[in-house]
Number of protein chains: 2
Amino acid sequence: MDATPEILGELSLFEGLSPERLVVLAERCRISSVNKGEHVFRAGDPGNGLYAVVSGLVRIYRGSPGGKEQVLHFIEPGEPFGEVAVFQGDAFPADAQAMVPSQVLFMSRRDFLDLARQDPEITLQMLARLSLRLRRFVHQVAELSLKEVPARLAAYLLKELEEQGSNPLTLPMSKGQLASFLGTIQETLSRSLKRLEGQGLIVVKGREIGVLDLSALQSVAEQGR
Amino acid sequence: MDATPEILGELSLFEGLSPERLVVLAERCRISSVNKGEHVFRAGDPGNGLYAVVSGLVRIYRGSPGGKEQVLHFIEPGEPFGEVAVFQGDAFPADAQAMVPSQVLFMSRRDFLDLARQDPEITLQMLARLSLRLRRFVHQVAELSLKEVPARLAAYLLKELEEQGSNPLTLPMSKGQLASFLGTIQETLSRSLKRLEGQGLIVVKGREIGVLDLSALQSVAEQGR
DNA sequence: AAAAAGCTATGACCTAGGTCAAGTTTGCGG
DNA sequence: CCGCAAACTTGACCTAGGTCATAGCTTTTT
């Protein structure tokens, strides 16, 4: 399916582009639907362009021979993914899979580089975007090796609370997926939630989590090691 | 101390720039000496520009309240560091410390952005550079959470063997520092080395490590979980 | 070369958290 | 509204690897 200028305008990637430019770009982008569980690309696939989530939710992850998986990020509507392969190395470093029925936009490397040439602002925006991602990875690596599961969980809940702004926050994914993002497994996550609940810091009801004691949760999150 | 065009020409960051351009840039860059153990910047410091190692060795790491540290990368001569703060967020996300007496070059954000504007090629090179770093982090996150220490160690040795090209390879840092890079501690690294040695895969003599059984080492490195 | 300071090895011990195995609950397709 | 498949919880168990303590070794300083 073809993209429309309206859809493109919603993507953070194209923020600030003129309506005329969007019309031209719309012709060059393709939108496709992917079913729940379907892969947009696999690690090692040649990357001929970049993607963005139009609707739905996509997870980027790496698997291991033993079957365990580590989620690197969840991509929400408006956000691009798979950019790394456009600028370096050409093979995707991880798998991308739709977690719910989703629509994804594709733009070829050629078209993106053309756009970048005509609109250098885009390049700077991309640098800022990759820098942000780098910053997040720095955080993720440090958390994985320096903190224990309850601390990582607490930090996640605080971040989510901040972003959602509403107090009983809602997990945007299954607990198993969250565990995989936090570098652990379902069982351990379940026990950690229980523990925080037992300490009176949170209250859990399905995917809804209410934060009862903000400052105590913060001190759990800071526990390093 | 002022930078010279010759020094700048050696930096991967300025690869491909004309000699005239290098002369102009040399006036804008400052080179300073840092002692072993001295910090170039600390996490949270405002980032007003980027750095590159001219000589010596710099490590980028994050500490935890409990005193443990996770090394994110070792920066060798010619390589830039601290770029992330130039494009995003303005505070450095980690600490940078000289591991041996070193010389580092500094270029202000302003000067770098001026250069980027005049020479768009630099921007694309920077995109490629950040993409490579992102790719490495993807790898590091996955290794930390999916593999055990001996597997991470084996993977490191294979990479180092490849890069150095000589068989008894030489560790470029202390074993304690290597442990911190691999997300573990001295003692565990020591035992892992011993184990690989006991299995006849490597032979260790101080910082020199000879690889005896390449394919066995590869299969240890691939063990996921 | 002696002394101080950092590195490395190794042993005894302990715990966070992964594995395996039942259940139980939730939510979706028919 | 039913039934089946995920998703989730809970318990018993086990192990990788972190902690603590000690001692040998190597390098730099004086």
Side-chain angles (χ1 to χ4, degrees), chain A residues 35-37 57 59 64-71 97 99-101 143-154 170-198 202-209 220 223-225, chain B residues 35-37 59 64-71 97-101 143-154 170-198 202-209 220 223-225:
Chain A
N35 298 320
K36 174 176 174 170
L57 184 63
R59 71 180 182 128
S64 79
K68 201 187 161 190
E69 292 173 349
Q70 169 68 43
V71 171
Q97 182 186 40
M99 299 180 66
V100 297
E143 294 247 323
L144 277 175
S145 103
L146 303 176
K147 291 186 180 172
E148 319 200 325
V149 172
R152 307 207 289 268
L153 171 57
T170 306
L171 298 180
M173 76 289 289
S174 78
K175 289 178 186 165
Q177 286 303 318
L178 175 56
S180 173
F181 178 62
L182 295 177
T184 183
I185 58 174
Q186 247 183 49
E187 292 95 316
T188 299
L189 177 63
S190 179
R191 289 186 241 265
S192 299
L193 280 168
K194 198 108 217 237
R195 188 163 137 196
L196 293 180
E197 199 168 23
I202 61 174
V203 49
V204 184
K205 199 169 80 187
R207 286 195 185 178
E208 305 247 300
I209 299 184
V220 171
Q223 162 262 26
R225 172 152 293 247
Chain B
N35 298 320
K36 174 175 173 171
R59 71 181 182 125
S64 80
K68 201 187 161 188
E69 292 173 349
Q70 170 69 42
V71 171
Q97 182 186 40
M99 300 181 65
V100 296
E143 294 248 322
L144 276 176
S145 104
L146 303 175
K147 291 184 181 175
E148 320 200 324
V149 172
R152 307 208 288 270
L153 171 58
T170 307
L171 298 179
M173 76 288 291
S174 79
K175 288 177 187 167
Q177 287 302 319
L178 175 57
S180 172
F181 178 63
L182 296 177
T184 184
I185 57 174
Q186 254 181 46
E187 293 95 317
T188 300
L189 177 62
S190 180
R191 292 185 239 264
S192 300
L193 280 167
K194 198 107 216 240
R195 186 162 137 197
L196 293 180
E197 199 169 21
I202 60 175
V203 49
V204 185
K205 201 170 77 186
R207 287 195 185 177
E208 306 248 298
I209 298 183
V220 170
Q223 163 263 23
R225 168 152 300 243

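Every chain is numbered from 1 and lettered A, B, ... according to where its sequence line falls, protein lines coming before strand lines.
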Mind calculating the distance between NZ (A/K205) and C1' (C/dT26) to the nearest angstrom?
-> 14 Å
Return the value, rounded to whole Å, for the distance between atom CG of B/L144 and atom C1' of D/dG17.
-> 14 Å
Nucleotide D/dT15, atom P - distance to CD of B/E148 in whole Å | 12 Å
Between C/dG17 and A/T184, is there an OP1 or OP2 to side-chain N/O distance shorter than 4.0 Å?
-> no
Should A/S174 and A/M99 count as side-chain neighbours, where that means a heavy-atom distance under 4.5 Å?
-> no
Do B/K147 side-chain atoms and B/L153 backbone N/O form a donor-acceptor pair below 3.5 Å?
-> no
Grab the two heavy atoms, one from A/V100 and one from A/L57, that are nearest each other, plus how far apart they are.
-> CG2-N, 3.6 Å
Pairwise N/O distances under 3.5 Å, protein to nucleotides 20-27 of chain D:
residue, atom, partner, partner atom, Å
D/dC20, N4, B/E187, OE2, 3.3

Minimum heavy-atom separation for B/N35 to B/A98, with atom names?
-> O-CB, 3.5 Å
Measure the NZ-CD distance between A/K36 and A/Q97 for me, rounded to the nearest 0.5 Å.
-> 10.0 Å
Send over the distance from A/Q186 CD to C/dT19 P, rounded to a whole Å.
-> 12 Å
Report the distance from atom CG of B/L193 to atom P of C/dC7, rounded to the nearest whole Å.
-> 16 Å
Does a side-chain N or O from A/S190 land closer than 4.0 Å to OP1 or OP2 of D/dT9, or not?
-> yes
Value in whole Å for how far the C1' atom of C/dT19 lies from CD1 of A/I185 | 7 Å
Backbone of A/L146 reached by a side-chain donor or acceptor of B/Q70 within 3.5 Å | no
Whole angstrom is fine here: how far is it from CE in B/M99 over to C1' in C/dG6?
-> 13 Å
For the atom pair CD1 (A/I209) and CD (A/E197), what is the distance rounded to the nearest 0.5 Å?
-> 9.0 Å
Using only side-chain N and O atoms of A/K194, determine if any of them is under 4.0 Å from OP1 or OP2 of D/dT10.
-> yes
Gap between atoms CZ and C1', on A/R207 and C/dG27 respectively (whole Å) | 10 Å
Hey, can you pull the donor-acceptor pairs under 3.5 Å for the side chains in residues 179-196 of chain B, sequence neighbours left out?
residue, atom, partner, partner atom, Å
B/S180, OG, B/E69, O, 2.8
B/S180, OG, B/V71, N, 3.4
B/S192, OG, B/T188, O, 2.9

Please list residues of residues 173-183 of chain A whose heavy atoms come under 4.0 Å from any atom in DNA chain C, ordered by number; otherwise none.
-> none
Are any of the side-chain heavy atoms of B/E208 and B/V203 separated by less than 4.5 Å?
-> no
